[in-house]
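Below is one structure, written out as structure tokens; the observations come after it.
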Amino acid sequence: MDVEILGRVLSTLPDGDDHPYRSGPWRPQSVEWAVGECEVIGELPTDLDGVYLRNTENPVHPARTDYHPFDGDSMVHVVGFRDGKAFYRNRFVRTDGFLAEQDAGKSLWAGVAERPEDALRQDGWGARGRMKDASSTDVVVHAGVALTSFYQCGDLYRLDPLTLDTVGKADWGGAFPAEGVSAHPKVDPVSGELLFFNYGTESPYMHYGVISPDDKLVHYTDVELPGPRLPHDMAFTENYTILNDCPLFWKPELLAQGVHSARFHRDMPMRLGVLPRRADGGDVRWFEAESTFVLHFVNAYEDGDEIVLDGFFQSDPEGRGSVFPGDQSYARMFRMLSLDGLQTRLHRWRLNLVTGRTTEERLTDSITEFGMVNAGHAGRPYRYTYASTGVPGWFLFDGFVKHDLLTGTQERYRYGDGVFGSETAVAPRVGSRGEDDGYVITMTTDMTEDRSECLVFDATRVGDGPVARVRLPERVSSGTHSTWAAGAQLPGWRTAEDPAAAVGLSTP
Ligand SMILES: [Fe+2]
């Protein structure tokens with residue numbers, strides 16, 4: 001391997017840190033690496049062309065009091081594939097909060113398991129305020145730029161998708177909303193638009209917006225909710241956007257005292273809000289459905305008078321049945337993290353635009369979450385999703401399932417003892433002629449071999465195991481959200497000034 005250390009950031013974490021989510025598979029990194037040509041076991045397909053990007057919650061300072069795994073600073077990993085070779089980089093996102101804490105040498109803001117008044121700084125970000133905008137939740141590529149986001153709402157940080165240099169924040173000509181943007185903005189592969197929402201503690205409690213393919217804010221509207229909510233994801237079809245009002249929210253009586261404690265209200269329905277893509281938020285049509293909380297939707301599409309919406313229904317949104325196998329003093333804080341605790345199952349809602357009725361069905365008894373699809377089918381009819389399986393009690397993925405929604409069949413792959421994966425992005429083959437004509441990619445944390453790899457599966461036969469494994473220079477922390485961007489979407493991917501050359505790949 002042609003390995004270069006790009007830099008090291010200040011970490012004040014203690015030696016021998018025993019926090020359950022800062023040790024073992026979550027041991028954070030402080031080194032930034034670049035590998036021009038990675039060692040590959042197996043053979044990388046030459047029609048795999050583009051980048052796999054993964055965001056990671058990677059803390060570098062002890063929390064003020066209680067660290068939660070959603071608080072860590074953003075580290076993005078990129079594995080680029082071209083001409084049967086792979087390059088790798090990892091970089092911290094230089095958020096305002098990260099830079100301020102590097103200067104201070106300690107945590108300045110409160111995390112999700114702490115009280116806002118625990119923060120040393122009076123300012124901050126997040127729907128509840130006085131949090132650090134860690135930008136460590138999600139990553140998408142829009143208009144040739146990688147955008148990282150934060151689930152509690154904040155800025156969208158702009159990264160060069162090859163070098164991972166932080167190149168500023170989304171500004172949208174000065175129109176970036178003061179309320180911030182939530183994780184899980186969506187890119188429409190046909191129109192090139194970016195759709196987003198945010199949420200907060202003040203009326204109207206949600207906003208929704210549209211960014212044009214050339215990165216301008218072209219629509220922004222209030223969406224009135226009955227009170228503060230904790231939405232995490234959204235969905236879209238060719239003509240409609242689907243927002244949600246799940247009955248899991250901060251306890252109002254405690255919120256008034258500044259305490260942020262979420263409760264699920266099983267006696268209240270979930271509401272799914274449908275509005276034409278650029279309509280006024282007052283035109284949202286709400287559809288009631290069985291009570292649940294949906295962390296992630298998979299996809300949505302139009303089918304005659306109906307909108308078909310697929311996502312993960314939680315039978316136990318408070319994770320009361322979760323059994324945390326580690327230090328029991330953490331059991332309460334972490335009970336909402338495991339897939340088995342939440343009982344997450346693939347589910348379909350059909351929203352009839354003529355009758356206003358909702359029909360719904362469980363698609364499988366298997367417990368999976370974090371379903372990925374071929375992004376070329378986003379918002380359109382589709383057949384396959386690749387979703388992760390979880391380690392009981394932990395926020396860890398031990399394998400994934402390819403769900404065939406047409407036949408109802410499943411194909412499974414398990415990473416192996418002590419090996420944990422991340423979200424399984426779909427990379428269509430160059431010249432792809434079908435939805436699963438391509439590859440499935442994930443990044444592993446292997447505690448048995450003390451290393452990390454990027455695995456490449458043939459999407460048509462994932463159960464056979466990876467066709468190639470790309471060795472990374474260091475064991476990386478477990479992480480979740482990822483995306484794929486084809487080389488053809490990336491500026492400069494094959495020019496003489498190709499940024500890939502700067503990380504050691506020769507240009508053809
Ligand atoms: Fe998410």
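Ligands are counted one by one from 1 in listed order, and the atoms in each one are counted from 1 as well.
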ask   = Do Glu32 and Arg91 sit within salt-bridge range, that is, some charged N less than 4.0 Å from a carboxylate O?
value = yes

ask   = Taking 4.0 angstrom as the limit, do Glu360 and Arg345 come out as a salt bridge?
value = no

query = Counting only protein atoms, how many N/O/S atoms are less than 2.8 Å away from the Fe ion (ligand 1)?
reply = 4

key: Salt bridge Arg94-Asp73, side-chain N to carboxylate O under 4.0 Å   = no

request  = Taking the six-membered ring for Trp and the single ring otherwise, decide whether the centroids of Phe313 and His347 are under 6.0 Å apart.
outcome  = yes

Within the 6.0 Å centroid threshold, strictly below: His184 and Phe297 = no

task = Mind checking salt bridge (charged side-chain N to carboxylate O under 4.0 Å, His left out) for Asp66 and listing every partner two or more places apart, or none if nothing turns up?
result = none

